[in-house]
Amino acid sequence: MAKEITPRSEDYSQWYLDIVHKARMADNSPVRGCMVIKPHGFAIWEKMRDALDAMFKETGHVNAYFPLFIPKSFLSKEAAHIEGFAKECAVVTHYRLKNDPNGGGVIVDPEAKLEEELIVRPTSETIIWNTYRDWIQSYRDLPILINQWANVVRWEMRTRPFLRTTEFLWQEGHTAHASAEEAIVETRQMLDVYAQFAEEFMAMPVIKGVKTANERFAGAVDTYCIEALMQDGKALQAGTSHFLGQNFAKAFDVMFLNKENQQEHVWATSWGASTRLVGGLIMTHSDDDGLVLPPKLAPIQVVIVPIPKPAAELTEVATKIAAELRAKGISVKIDNDEQNRPGFKFAEYEMIGVPVRLGLGARDLANNQVEVARRDTKEKANVSLDGIAEHVANLLDDMQRNLFERAKAYRDSHITPVDTWEEFENVLETKGGFVSAHWDGTSETELAIKERSKATIRCIPIDNPLEDGACILTGNPSTQRVLFARAY
RNA sequence: CGGGAUGUAGCGCAGCCCGGUAGCGCACCUGUUUUGGGAACAGGGGGUCCCAGGUUCGAAUCCUGGUAUCCCGACCA
């Protein structure tokens, strides 16, 4: 075994890192906290990006691009916003290097100090709202429905590939509206888009909810989120959608003349999802043999491996099968490499998460069949070459469904209602997952619970049923259960 | 920024205690035989031993000072 993956049961964190490296998703970079996204990892991100982008377009959004650098002064205009991001901003102070006169290589040229320092965007609300001010005069200019695909930088203390990196790729939508109601509808619509994407494409079940004040985006009135559950019982915030109220419009003085001829501040939303989703995808489905990808996001959906090695007649049949599959919109690779043996190839394609493998040898040709191996269950079956494309298409659909159902069954069995503090701690320690418990609604209590248990309130689910109860920590009256979990 | 650990070939490590001119596995290159679940054999290439100083005839090894990374905490998508 040339490429062993640490089993999940032994060390989940190491398992995750092994998958990232051995499935050729990403490499470390010379800069702490940054990563090189390799072609296979990037191809998965591209599939996600394309699917999300199409959904954004369908809901009326257009793409634009705003600059990487933001004047430092912009960030200080919205009080909560600066509070939230100040501690993790990269700052550009100079614009030139020069050779060290003492021979120490290049140094920052002290002569080239910027008058106003620039912030590398941690998010783009400020630069965008500074721009929107010039774009908006009347209600006729609204709504503005813009998204951008970009990189952002947040100087995190501790990082992990995809899940939390110093620089990451994401999309950020920034919309401007003439009324609070319309902005709230937009916020909720985009939350639905994220949830639909997560479940239909990533096969990752999510819970839609609202964040508490502590967990809210800096500068938002309300933050909505989708929360997913990873195999180790920790929660992952997989997308957020914010109702920003008039906070940024006020900070950047963005007014519009409404139908009644009165000046009013513009209502705003922002929403984002990042390369963190790739990490979530890994931790939702993959196993000790490597990456497991839902067919809809797999860069290669089917690989055909000639056995024992490529031969003219095998290649001929493989090419014919590939053509039939491609006609159905399925992406196929024929592995005609003669250097590696079939066993090596089997392991390799399992490692990188190719959903379906077709093994084709002389024995199969004689029987007019092919060996079909599915990645999710690792089952193998001999299938007739007649109607093989139909069979594989159905199999891919079945796998997409199966991965979702499997993840959902795990998630559903890991939402545990508890009514005492002892149970609460016990479930977090032994079982993990979401804990559904009463909370008195105060930030003080939430922080005290976090302090003692390391669990945070992931969200208050949308359409959460009301139920009288007593707070898990303080015993104070509560009107509903909320979802706690330890989180990434 | 506190506590702990580690820097030796692309990756993973041994050697360090007890100083003598660097080794193992994987990967890589060449060749032969192989090939239905990670092939075998033979040959080969590859090193500022983290950096800088010091001790010494001689330093990967001992001493001093830096530095980087990782893990555990405080903070976060």
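All chains are named by letter (A, B, ...) in the order of the sequence lines, taking the proteins before the strands, and each is independently numbered beginning at 1.
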Is the closest side-chain donor-acceptor distance between [X] and [Y] under 3.5 Å?
| X | Y | answer |
| --- | --- | --- |
| Tyr349(A) | Asp335(A) | yes |
| Asp53(A) | Trp149(A) | yes |
| Ser124(A) | Gln148(A) | yes |
| Thr456(A) | Arg458(A) | yes |

Report, one line per pair, each donor and acceptor closer than 3.5 Å where one atom sits in a side chain of residues 200-210 of chain A; sequence neighbours left out.
unit_1    : atom_1 : unit_2    : atom_2 : d
Glu200(A) : OE2    : Gln196(A) : NE2    : 3.3
Lys208(A) : NZ     : Asp192(A) : OD1    : 2.8

Expressed as a whole number of Å, how far does the [atom1] atom of [N] sit from that of [M]?
| N | M | atom1 | result |
| --- | --- | --- | --- |
| rC28(B) | rC71(B) | P | 28 Å |
| rC18(B) | rA22(B) | P | 23 Å |
| rC70(B) | rC63(B) | P | 26 Å |
| rC11(B) | rG3(B) | C1' | 29 Å |
| rG44(B) | rA5(B) | C1' | 37 Å |
| rG2(B) | rG47(B) | C1' | 37 Å |
| rA27(B) | rC62(B) | C1' | 35 Å |
| rU8(B) | rC49(B) | P | 11 Å |

Contact class for [X] (heavy atom, under 4.0 Å): base, sugar-phosphate, or nothing?
| X | value |
| --- | --- |
| Thr165(A) | base |
| Leu163(A) | base |
| Ala362(A) | base |
| Arg357(A) | base |

Do the side chain of [X] and the base of [N] come within less than 3.5 angstrom through a donor-acceptor pair of N or O atoms?
| X | N | value |
| --- | --- | --- |
| Asp364(A) | rG36(B) | yes |
| Arg32(A) | rU69(B) | no |
| Lys454(A) | rG73(B) | no |
| Glu371(A) | rG37(B) | no |

Point to revise | Salt-bridge contact Lys378(A)-Asp289(A) (side-chain N to carboxylate O under 4.0 Å) | key: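 Asp289(A) and Lys378(A): salt-bridged.
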Between [N] atom [atom2] and [X] atom [atom1], what is the distance in whole Å?
| X | N | atom1 | atom2 | value |
| --- | --- | --- | --- | --- |
| Glu379(A) | rG37(B) | CD | P | 19 Å |
| Lys380(A) | rG36(B) | NZ | P | 12 Å |
| Phe344(A) | rA40(B) | CZ | P | 13 Å |
| Asn340(A) | rA27(B) | CG | C1' | 12 Å |
| Gln339(A) | rG38(B) | CD | P | 18 Å |
| Ile352(A) | rG38(B) | CD1 | P | 19 Å |
| Glu338(A) | rG36(B) | CD | P | 14 Å |
| Asn336(A) | rU35(B) | CG | C1' | 15 Å |

Candidate nucleotides [options], ranked by approach to the side chain of [X] - the nearest:
| X | options | value |
| --- | --- | --- |
| Glu156(A) | rG38(B), rA74(B), rC75(B) | rC75(B) |
| Arg154(A) | rG38(B), rA77(B), rG37(B) | rA77(B) |
| Lys87(A) | rC75(B), rG36(B), rA77(B) | rC75(B) |
| Phe168(A) | rG36(B), rA77(B), rG37(B) | rA77(B) |
| Gln237(A) | rA74(B), rG38(B), rA77(B) | rA77(B) |

Check your understanding: Does Arg276(A) count as lying over the ring of Phe168(A), i.e. NZ or CZ under 6.0 Å from the six-ring centre, within 45 degrees of the axis?
Key -> no
Review point. Between Arg363(A) and rG36(B), does any side-chain N or O lie under 4.0 Å from OP1 or OP2?
Key: no
Point to revise | Below 4.0 Å: OP1/OP2 of rG36(B) and any side-chain N or O of Arg341(A) | key: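 Answer is yes, contact under 4.0 Å.
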Study note, to complete from the structure: Expected list for residues 295-317 of chain A near RNA chain B, using heavy atoms below 4.0 Å, is Ile307(A), Pro308(A), Lys309(A)
Review point. For Glu338(A), what residues pass the side chain to side chain donor-acceptor pair (under 3.5 Å) criterion, not counting sequence neighbours?
Key: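 Applying side chain to side chain donor-acceptor pair (under 3.5 Å) to Glu338(A) gives none.
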Does the structure show a Watson-Crick or G-U wobble partner for [N], both distances under 3.5 Å? Name it, or say none.
| N | answer |
| --- | --- |
| rG65(B) | rC51(B) |
| rA9(B) | none |
| rU30(B) | rA42(B) |
| rC1(B) | rG73(B) |
| rA59(B) | none |

**Study point:** His285(A) side chain to Pro294(A) backbone, donor-acceptor under 3.5 Å
**Key:**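 Side chain of His285(A) to backbone of Pro294(A), a donor-acceptor pair under 3.5 Å: no, none is there.
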Study note, to complete from the structure: Comparing Phe217(A) with Gly359(A), nearest RNA chain B nucleotide closer to 5' gives the residue Gly359(A)
Point to revise | Closest-nucleotide 5' rank along RNA chain B - winner of Thr275(A) and Gly33(A) | key: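 The residue closer to the strand's 5' end, by nearest nucleotide, is Gly33(A).
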Review point. Relative to the ring of Phe217(A), is the ring of His242(A) parallel (under 30°), tilted (30 to 60°) or perpendicular (over 60°)?
Key: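 Rings of His242(A) and Phe217(A): parallel, under 30°.
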Check your understanding: Would you call Phe42(A) and Leu169(A) a side-chain contact if the rule is heavy atoms closer than 4.5 Å?
Key ->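 Result yes, sub-4.5 Å side-chain heavy-atom pair found.
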